Amino acid sequence: MAVTATLTFCGADGVTAVTPEPPTPGTAGPPLGPGGNGPPGTTHFGITCDRPAGPGRPGNDGGTAPAAASGGNAGSAPGGRFSCAEFVGSSLDVWNHGGDGGHGASAGPGGTGSQGGNAGHQPKVCKGVVAGGTGGRGGMGGRAGSGGDAGSGGNLTVLLGSALPASIVSVDSHAGRAGDPGDPGGAGTPGGGGLNSDGTKAPAGGQLGPGPAGTAGQAGSSGTVAVRTDASLGPSGLVITILPMPHG
């Protein structure tokens, strides 16, 4: 019966970051409360305007979402040395792999902006429409988690005794796959505008924008492979050495 020997030199995969469900958002902008409203206008016996109404305060911006976790770096193929005085198998498979980098997590959206304050009551004898406060801006989304670096294959050398043909050796040597980044968080929801003194609404807030993108992991190297005869090992001797390489 034909016997195939398999030797494995493989690095561990990097840990993939976990995205919370739902992704963690930024904090909401604190509400203004009654203190965000403008003071009412005042008159002299309702005949003349002493002081027009005051405008509403702008709403508070939503907070930035936290950055997402990045994927872990993979391990490269470990170094080692395997030797035997007499190899009797019909074939030898050698696996020399770097691990896959972990994927980054996705970030949450920015926080919701708070509503702007209302303009104060404007007496009829005071002229002009007084503006309510603009809504708070939606917060910035979180930074996406970056992908982990790929592991590398090692530099592999197979030495065979004089009676062992190179054709019995099959080597699968490659780097791992680099980890992908997660998705950046979207911009938060803008707050609504407060009421103008004529009952219409002030503009809603803008948005601070989506979060920054993450980066993909660095690629690894497949390493080198050399298979050759070494007469000093005897007819059926075998020595395999692997020199490790850094990940990414």
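Note that the coordinates shown come from a computational prediction; the quantities given were computed from them, not determined experimentally.
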Flag for T224-N155: side-chain donor and acceptor within less than 3.5 Å: yes
Full working for side-chain contact (heavy atoms from CB on, under 4.5 Å) between V158 and V225: CA-CA 8 Å; V158 182; V225 176; 5.9 Å; no
Sub-4.5 Å side-chain heavy-atom contact between T157 and L159: yes
Heavy-atom donor-acceptor pair, D61 side chain to R137 backbone, under 3.5 Å: yes
Nearest-0.5 Å distance that lies between atom CG in L92 and atom CG in L164: 9.5 Å
From I242 atom CD1 to F82 atom CZ, the distance as rounded to the nearest 0.5 Å: 13.5 Å
Any donor-acceptor N/O pair, D198 side chain to T200 backbone, under 3.5 Å: yes
Donor-acceptor contact present, side-chain Q115 to main-chain G194, <3.5 Å: no
Derivation of the side chain to side chain donor-acceptor pair (under 3.5 Å) call for S173 and N96: CA-CA 5 Å; S173 181; N96 171 34; 2.7 Å; yes
Heavy-atom pair of closest approach, residues A213 and A144: C-CB, 4.2 Å
Backbone of S221 reached by a side-chain donor or acceptor of S152 within 3.5 Å: yes
Residue pair G154 / A77: nearest heavy atoms and the distance that separates them: N-CB, 3.7 Å
Side-chain donor/acceptor of S106 to backbone N/O of D183, under 3.5 Å: yes
salt_bridge(R177, D100) N-O dist < 4.0 Å: no
Nearest-0.5 Å distance, OG1 of residue T42 to CZ of residue R51: 5.0 Å
Sub-4.5 Å side-chain heavy-atom contact between L195 and K201: yes
Polar side-chain atom of T24 near backbone of G108 as donor-acceptor pair, under 3.5 Å: no
Test item: N60 side-chain N/O and G136 main-chain N/O as donor-acceptor pair under 3.5 Å: no
Between S146 and T215: side-chain donor-acceptor atoms closer than 3.5 Å: yes
Sub-4.5 Å side-chain heavy-atom contact between L160 and D230: no
From CE (M245) to OG (S222), nearest 0.5 Å: 8.0 Å
Non-hydrogen atoms of S197 and A119 that approach each other most closely: N-CB, 3.7 Å
F9 side, atom CZ; S76 side, atom OG - distance, nearest 0.5 Å: 14.5 Å
Check against side-chain contact (heavy atoms from CB on, under 4.5 Å), I240 and R81: CA-CA 6 Å; I240 297 175; R81 186 175 188 273; over 6 Å; no
Donor-acceptor contact below 3.5 Å, side chain H103 vs main chain D180: yes
Any donor-acceptor pair under 3.5 Å from N37 side chain to N118 backbone: yes
Non-hydrogen side-chain atoms of Q122 and V129 separated by less than 4.5 Å: no
Approximate separation, where rounding is to 0.5 Å, of L156 CG and W95 CH2: 14.5 Å
